[in-house]
Amino acid sequence: MVEYPEIDRYSSLDSPMHRFDPRAKLIAFTILIFSIVLLPNLKLALIGLLASILFLIASKLPLRFALQHIKWVFLFVVPFIIIMPFTVNGTEIFSFYGLTMTYEGLEYGILVAVRAISAVILVLPMIATTRFDITIKALAKLKMPNMLVQMFMFTYRYIFVFVVEFQRTWRAMAARGFKLKTNVYALKTIGKALGTLFVRSYERGERVYQALRSRGYTGSPKTLVVFKMHVLDYILAGTIIGFAVSLHIIPLYLHS
Amino acid sequence: MKREAITVRNLSYSYPDGTKALEDVNLEVYEGERIALVGPNGAGKTTFMLHLNGTLRGTEGQVEIFGKSVDTMRREEIVKEVGLVFQDPDDQLFMPTLFDDIAFGPINQGLKEYEVRERVEKAISSLGLSGYEDRSPHHLSFGEKKKASLAAVIAMEPRILVLDEPTANLDPRSRTELIGIINELNEREGITMVIATHDVNAIPELADRIYALNRTIIETGTPHEIFFDGKLLKQNNLDVPDVFKLFEVLRCFGFNCEKLPLSLDEAISGLTTVIETEGGHIHLHIHEHTHEGVKEWRNKYGHHVPK
Amino acid sequence: MKREAITVRNLSYSYPDGTKALEDVNLEVYEGERIALVGPNGAGKTTFMLHLNGTLRGTEGQVEIFGKSVDTMRREEIVKEVGLVFQDPDDQLFMPTLFDDIAFGPINQGLKEYEVRERVEKAISSLGLSGYEDRSPHHLSFGEKKKASLAAVIAMEPRILVLDEPTANLDPRSRTELIGIINELNEREGITMVIATHDVNAIPELADRIYALNRTIIETGTPHEIFFDGKLLKQNNLDVPDVFKLFEVLRCFGFNCEKLPLSLDEAISGLTTVIETEGGHIHLHIHEHTHEGVKEWRNKYGHHVPK
Amino acid sequence: MVHISDGILSLPVLAAGWAIAIALIAVALWWSKKKGNIDEEIPKLSVMTAAFFVASLIHIPVGPTSAHFILNGLVGVTLGILALPAIFIGVVLQAVLFQHGGITTIGINTVNMGIPALIAFCIFKWGNKRGMMLTRKDLSAGIFGALAGGVAVFLAVVFTAFSLILSGKEAFSAVAILLTVAHIPIIVIEAIVTGSIVVFLLRVKPELIGGLGGDEK
Ligand SMILES: Nc1ncnc2c1ncn2[C@@H]1O[C@H](COP(=O)(O)OP(=O)(O)OP(=O)(O)O)[C@@H](O)[C@H]1O
Ligand SMILES: Nc1ncnc2c1ncn2[C@@H]1O[C@H](COP(=O)(O)OP(=O)(O)OP(=O)(O)O)[C@@H](O)[C@H]1O
Ligand SMILES: [Mg+2]
Ligand SMILES: [Mg+2]
């Protein structure tokens, strides 16, 4: 019904990506993702895709896990691959009941898809190779505003609690013969179940606040986490950022 | 021999994340029996119970209810046979009023309105909740919520009731009340009961037979058989009722009886019988093995309190 | 006389929605004492505990910790004195890993990093949780979560520990373990304890004195005093340990002892003493008042099971 | 599916998304800090956000496929202006935990769902003030809750479609239309569900409605 987030399931493996300092990793890959999604043509995008795949391989994440996380983007990209070829004007490939498929359109559709897929692939070496709480702590070290850091921390923690809670409510409904259909009765009933979830979460929020206060919370919890940049981290981050920038700069020279 | 109400064969289950919660579980419950399911935290009691009404489906093995496999039964059929009461009543009470909540099951069963009303009324009155129909479950006390969640399930008139930790977090009076209600449902309506509990002192009053579960079924037997098996108990983080422990102590002082009592009522009748058969009195004294016996007894339960 | 650790005077509290949860509560706890707070569901135990560290502030009356009013104390001061362990460990384990969670309090106390690490290590090892530092709470069993939430509080080294239903939902071994840990903290570190619980069988092992709460303080006394007061118990949905009940029964059979034991250990020493003073043996027999006595006893506890 | 993935939008749209999102979040946090005790709100807000996040993981059958709840209308109705940081957190977590949406599009996705949430909040408040004239309070809450829920999703879809169209290529308009049409059943579903949640909350926990941090309590 509802599943746990398991993005950091394989964060305890060992690979160059796992050893990469989390702060440097976040910055370098974010820049690379921005770089790739803004690439103007298919050739460059394919280079980006290739690089993304290499990073994924370097992360040693199991293929099945990777595919599970990547598959969603296809759902979003498919309409583009199908529709673009018929809506972008250009050189005709073939015509079909008045629909014209163009070369430019096809290329554009594929470009969008390649950029989207590369970006999703890169999220894995960036996020899935670090325990998620450490990623949040890295964001804190990178000066993300404290209020947002706290929200990430607590929200992430309580997602797990509520997944379990909602699963139980859902099972209790099923145990009394409820079946999920798309009719008004079922939807209203789901509304009530969700209402229950929200009421409980609100009450839990109050208790959590009380528990926080009981442990001296004054609005800005800190954590103990030691990050240490090694020479290798600088080199790796420098290389990735350099690559990201050169994807945009080198073609300028090649064209001129 | 009575009919089998629940038959479980070689049931195994792993959660999607790989946790092996159940492994090769075999069990049978006869019609009208009251079964206690005991086992340490994380033993798989809750997981097992979710299989009894098909909420979870084993990766292997099968579950039969009155001879029919749950795999082949339709949801409505299973739900009519097996009522599941969850540990945390808040998981189960999700309608804005108690009436709506209790009516939820019967409505899903497709009953007519007057039948639904009848069912709700009966369930409410048998749990002593009359007058609470329009209250919101969120505003009830914990004990009332527990009763309400039981009412919501018995309104569906299942032949089997599965209860997850019915006495947890209840104050003593509510606990006694709930035990009384459960036994009454068993006696009056003949409902078969499966009860997971950590409350060992309640077991003698609540169960005819115990299954000890720790991922797989370790042992089954009457409360007397199970509570006598010190090794089994120790290996599975289990405990025995205090009354039983005390009579073990009394035995060290020379009290002589065949069957150690588990509950207070058994203790009274036990004492009476022994006194009658032993010619009017029982003699307690310190004999040569008393201190040794007490020491052994302490070891058995790992009592930490210094003498 | 020992110092007063907690002094509560005329404390009243109503929730914003108007529920009067506490009314004119008066109570004092001496340093190093272990207090059990008993009362039916909804009696206000949890509400009361939230006042002890200033999380809730009474609409009337006041709470003093070691002679200082919580109203005038700064948050950090109160938190250093009073550690509160919540009933549901998920309310309290709000950080993503066990280490962060246990370190949370000490960091807020402004300790240096190495001190924080020391505190965490000590708390973790005294609860037997070594090796769990990097685990997230949702991968822990219920019993482990309970221990973790206690570790998180003792890492702050409070002089007073307030525990809300520490034994609920635990399997018997975890329960025994937790009781042992609580008592050790009391003995070794001299921590004052206030424990709300429905688990009457644990009270003799856990508490020197009982406060019976039902919106207001009904009574206070040693476990013996409270458990002897049948009327008080009945009026407040309370119960007594099974061992005590059983000795009441034994008394009907002619067992003669001044102070009925509440726990198994007391029972053993009680039996030994009585045997020694009575010249080597105890005589149990059915005398003219036995049956009457048993009947009265049944009435007292409203036992529903037919003879 | 109103989370746009990476690789589709143009730089100006992405940049504008981030700029507006950051500005709105800053204003929201500043505003609630000024009005009340934000320290107290943060843990509660986070826990609520977790609940909304979990709710949005639920998929329900729609014809042959299934859809996820969006519930941005409800987030608006319950959290008020704090809906913005909540939605931001949700969007980020969706992107990094489940790869729904993208990294570069976090800004624009926050805007596309957040602004409709605020509009839903306003509709609900305004509507309920008028609606008090109806004889039954929960009827009015139900109607305007449903309206808020439906409108919020509708606007989110429209905003998303516009983001696509604004990204240059008029060719995207076909996708945008497809997206909008595909969401019609979801709008109806969200309206019904949001309406019934609001009615439920009004009965059971009325303080949950009308913006956390409680203006006009
Ligand atoms: N949704 C889940 N996903 C993964 N593992 C789970 C899930 N639910 C339970 N488990 C694990 O399965 C095992 C059995 O859990 P279960 O809740 O059935 O135990 P239990 O006997 O009911 O324990 P308790 O006495 O504490 O209630 C435990 O190891 C638990 O951590
Ligand atoms: N947040 C709240 N708002 C309004 N009323 C509340 C709130 N929390 C508790 N109450 C009410 O206050 C009273 C005391 O509740 P409290 O939780 O303190 O009882 P308790 O003794 O801890 O009960 P239990 O044994 O079930 O844990 C109850 O009537 C309860 O319904
Ligand atoms: Mg369980
Ligand atoms: Mg309580």
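This one's a predicted model, so the numbers in the text were calculated from it and none came from an experiment. Below, chains carry the letters A, B, ... as their sequence lines are ordered, and counting in each starts from 1.
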How far apart are the closest heavy atoms of [X] and [Y], and which atoms are they?
| X | Y | value |
| --- | --- | --- |
| D:Ala174 | A:Thr87 | CB-CG2, 3.8 Å |
| D:Ser46 | A:Met151 | OG-CA, 3.5 Å |
| A:Ile83 | D:Leu178 | CD1-CD2, 3.7 Å |
| A:Thr155 | D:Ala50 | O-CB, 3.5 Å |
| A:Leu194 | D:Ala55 | CD2-CB, 3.8 Å |
| A:Trp72 | D:Phe98 | CD1-O, 3.5 Å |

Just so I know, are the side chains of [X] and [Y] near enough to count as touching, which here means a heavy-atom distance under 4.5 Å?
| X | Y | result |
| --- | --- | --- |
| D:Ile103 | A:Met126 | yes |
| A:Phe166 | D:Leu57 | no |
| D:Leu164 | A:Phe80 | yes |

*asked:* Does D:Val175 form a side-chain contact (heavy atoms from CB on, under 4.5 Å) with A:Met84? I'd like the steps, not just the answer.
replied: CA-CA 8 Å; D:Val175 178; A:Met84 287 297 109; 3.8 Å; yes
Sort [X] into side chain, backbone, both or neither according to what part of it lies under 4.5 angstrom from a heavy atom of chain D.
| X | result |
| --- | --- |
| A:Leu148 | both |
| A:Phe86 | neither |
| A:Tyr217 | side chain |
| A:Leu212 | side chain |
| A:Glu203 | side chain |
| A:Thr189 | neither |
| A:Met153 | neither |
| A:Ile159 | both |

*For side-chain contact (heavy atoms from CB on, under 4.5 Å), just list the numbers for D:Gln99 and A:Val123, CA-CA rounded to whole Å, side-chain angles, deciding distance to a tenth of an Å, and then say yes or no.*
CA-CA 8 Å; D:Gln99 285 67 52; A:Val123 173; 3.5 Å; yes
Gap separating the [atom1] atom of [X] from the [atom2] atom of [Y], nearest 0.5 angstrom:
| X | Y | atom1 | atom2 | answer |
| --- | --- | --- | --- | --- |
| A:Ile7 | D:Leu97 | CD1 | CG | 6.5 Å |
| A:Lys192 | D:Arg203 | NZ | CZ | 10.0 Å |
| D:Phe88 | A:Phe152 | CZ | CZ | 5.0 Å |
| A:Tyr202 | D:Lys205 | OH | NZ | 6.5 Å |
| A:Gln150 | D:Ile42 | CD | CD1 | 6.0 Å |
| A:Ile36 | D:Asp6 | CD1 | CG | 10.0 Å |

*Given the rule in the side-chain contact (heavy atoms from CB on, under 4.5 Å) test, do D:Val96 and A:Phe132 qualify, once you have shown the distances and angles that lead to the verdict?*
CA-CA 10 Å; D:Val96 297; A:Phe132 195 70; 3.7 Å; yes
Options [options], ranked by heavy-atom pairs under 4.5 Å with chain D, top entry:
| options | result |
| --- | --- |
| A:Val184, A:Val161, A:Thr196, A:Val73 | A:Thr196 |
| A:Leu38, A:Ile70, A:Val208, A:Ile117 | A:Leu38 |
| A:Glu165, A:Arg157, A:Glu206 | A:Glu206 |

*Is it true that atom OH of A:Tyr103 has more than 12 heavy atoms of other residues, nucleotides or ligands lying nearer than 6.0 Å?*
no
*Exceeds 12 heavy-atom contacts within 6.0 angstrom, atom OH of A:Tyr209*: yes
Could you look at [X] and say if it's the side chain, the backbone, both or neither that has a heavy atom under 4.5 Å from chain A?
| X | answer |
| --- | --- |
| D:Leu11 | both |
| D:Ile192 | side chain |
| D:Val204 | side chain |

*Specify which of D:Val199, D:Thr194, D:Thr49 makes the most heavy-atom pairs with chain A at under 4.5 Å.*
D:Thr49
_Once you measure the plane-to-plane angle for A:Phe34 and D:Trp18, does it fall in the parallel (<30°), tilted (30-60°) or perpendicular (>60°) bin?_
tilted
*Mind checking whether A:Phe198 and D:Phe52 have parallel, tilted or perpendicular rings, split at 30° and 60°?*
tilted
